[in-house]
Amino acid sequence: MTVRVDEDAVYRRFASREELLAAIYESRLTAIEHAIKDARLREAPVAVALHRYVENIIAVNRTWPVDLTRMLADEAVRRRRDACVAEVDAFLERATDEGLLRPGLPEGWASALLPQLMHLVSRQLPELSPAQAADVVVDTLLHGLGAS
């Protein structure tokens with residue numbers, strides 16, 4: 001999704017394109033932090049927390065569809081983002097320990113796969129609500145595509 005904004009309107013509020021991007025990145029990162037907190041990754045039952053986290057992040061991805069690569073050049077932003085990643089990684093370890101995810105997968109596989117699935121469903125299935133899209137992601141993560 002590309003949003004076109006009149007440059008004059010942007011520069012009345014922001015001194016530069018970089019300042020505008022910094023504000024967008026800040027808003028996206030804050031939304032991610034809220035999504036993690038709302039999912040209660042440490043307290044809620046793992047299946048509930050997983051679905052809620054995925055639903056929240058899909059909503060963030062659709063609201064703030066920006067490339068994060070440039071955002072991570074800022075050290076303070078990278079630290080905040082790394083803290084979010086660590087929180088989700090710890091949750092995925094908990095999900096494995098509690099039997100929701102199977103053990104023995106390559107290290108970091110679930111941590112790498114989950115964001116890709118969320119990104120894919122955010123872009124490829126825009127007609128689904130975040131909750132419906134989360135159903136697809138969680139089912140794919142937990143059951144794969146093979147017929148059992």
Side-chain angles (χ1 to χ4, degrees), residues 1-5 10 13-14 17-148:
M1 177 173 153
T2 302
V3 177
R4 300 250 184 242
V5 179
V10 169
R13 171 86 166 90
F14 299 99
R17 181 175 190 275
E18 290 72 29
E19 191 177 300
L20 168 64
L21 289 173
I24 290 170
Y25 296 151
E26 170 68 26
S27 294
R28 178 180 168 83
L29 188 53
T30 298
I32 290 169
E33 290 167 339
H34 287 295
I36 290 171
K37 183 178 179 183
D38 181 63
R40 299 178 46 237
L41 299 180
R42 294 175 191 245
E43 305 86 21
V46 291
V48 172
L50 175 63
H51 193 280
R52 186 69 179 153
Y53 168 73
V54 171
E55 183 178 343
N56 290 344
I57 294 298
I58 288 168
V60 169
N61 287 346
R62 289 177 174 171
T63 303
W64 303 103
V66 295
D67 177 21
L68 299 180
T69 307
R70 295 172 81 187
M71 177 177 97
L72 298 177
D74 181 281
E75 185 61 36
V77 169
R78 186 178 22 255
R79 279 194 305 273
R80 284 176 63 195
R81 189 249 185 197
D82 289 349
C84 292
V85 169
E87 187 76 19
V88 173
D89 286 349
F91 168 72
L92 292 172
E93 286 180 30
R94 176 180 165 225
T96 301
D97 293 344
E98 293 188 21
L100 188 68
L101 299 175
R102 76 171 185 258
L105 295 172
E107 186 173 336
W109 184 244
S111 295
L113 184 59
L114 183 56
Q116 295 300 318
L117 290 172
M118 292 185 296
H119 177 77
L120 185 62
V121 78
S122 293
R123 303 287 192 249
Q124 296 295 317
L125 300 173
E127 69 278 5
L128 298 181
S129 71
Q132 293 168 320
D135 290 343
V136 172
V137 169
V138 171
D139 184 61
T140 302
L141 183 70
L142 298 181
H143 305 111
L145 298 177
S148 297

- Sequence neighbours excluded, which residues qualify as salt bridge (charged side-chain N to carboxylate O under 4.0 Å, His left out) partners of Arg81? none
- Query: Mind checking what makes salt bridge (charged side-chain N to carboxylate O under 4.0 Å, His left out) contact with Asp38, not counting sequence neighbours?
  - Reply: Arg52
- Applying side chain to side chain donor-acceptor pair (under 3.5 Å) to Glu93 and not counting sequence neighbours gives none
- Query: Got a sec, which residues hit side chain to side chain donor-acceptor pair (under 3.5 Å) with Asp82, two or more places apart in sequence or on another chain?
  - Reply: none
- Item | Ile36 to Cys84 - nearest heavy-atom pair and separation | CD1-CB, 3.5 Å
- Closest heavy-atom pair and its distance - Val46, Phe91: O-CZ, 3.4 Å
- Short side-chain donor-acceptor distance under 3.5 Å, Thr30 and Arg80: yes
- Task: For the residue pair Arg28 and Asn61, confirm or rule out a side-chain donor-acceptor distance under 3.5 Å.
- Result: yes
Taking the side chain as C-beta and beyond, is there a heavy-atom pair between [X] and [Y] under 4.5 Å?
X	Y	value
Asp135	His51	yes
Leu128	Leu125	yes
Arg123	Arg62	no

Tabulate below the donor-acceptor pairs under 3.5 Å that side-chain atoms of residues 95-103 make, not counting sequence neighbours, or state none.
from	atom 1	to	atom 2	distance (Å)
Thr96	OG1	Leu92	O	3.0
Glu98	OE2	Arg94	NE	3.0

- Is it the case that more than 12 heavy atoms not belonging to Arg42 sit under 6.0 Å from its CZ atom? no
- Message: Using the rule given for side chain to side chain contact (heavy atoms under 4.5 Å, CB included), can you reason through Glu33 versus Lys37, listing the C-alpha separation, both sets of side-chain angles and the distance that settles it, and then say yes or no?
- Response: CA-CA 6 Å; Glu33 290 167 339; Lys37 183 178 179 183; over 6 Å; no
Output a table of donor-acceptor pairs, distance under 3.5 Å, between side-chain atoms of residues 104-122 and any protein atom two or more places apart or on a different chain; print 'none' if there are none.
from	atom 1	to	atom 2	distance (Å)
Ser111	OG	Asp89	OD1	2.6
Ser122	OG	Met118	O	2.8

- Item | For Ile32, the option from Val85, Asn56, Val60, Val88 that meets side-chain contact (heavy atoms from CB on, under 4.5 Å) | Val60
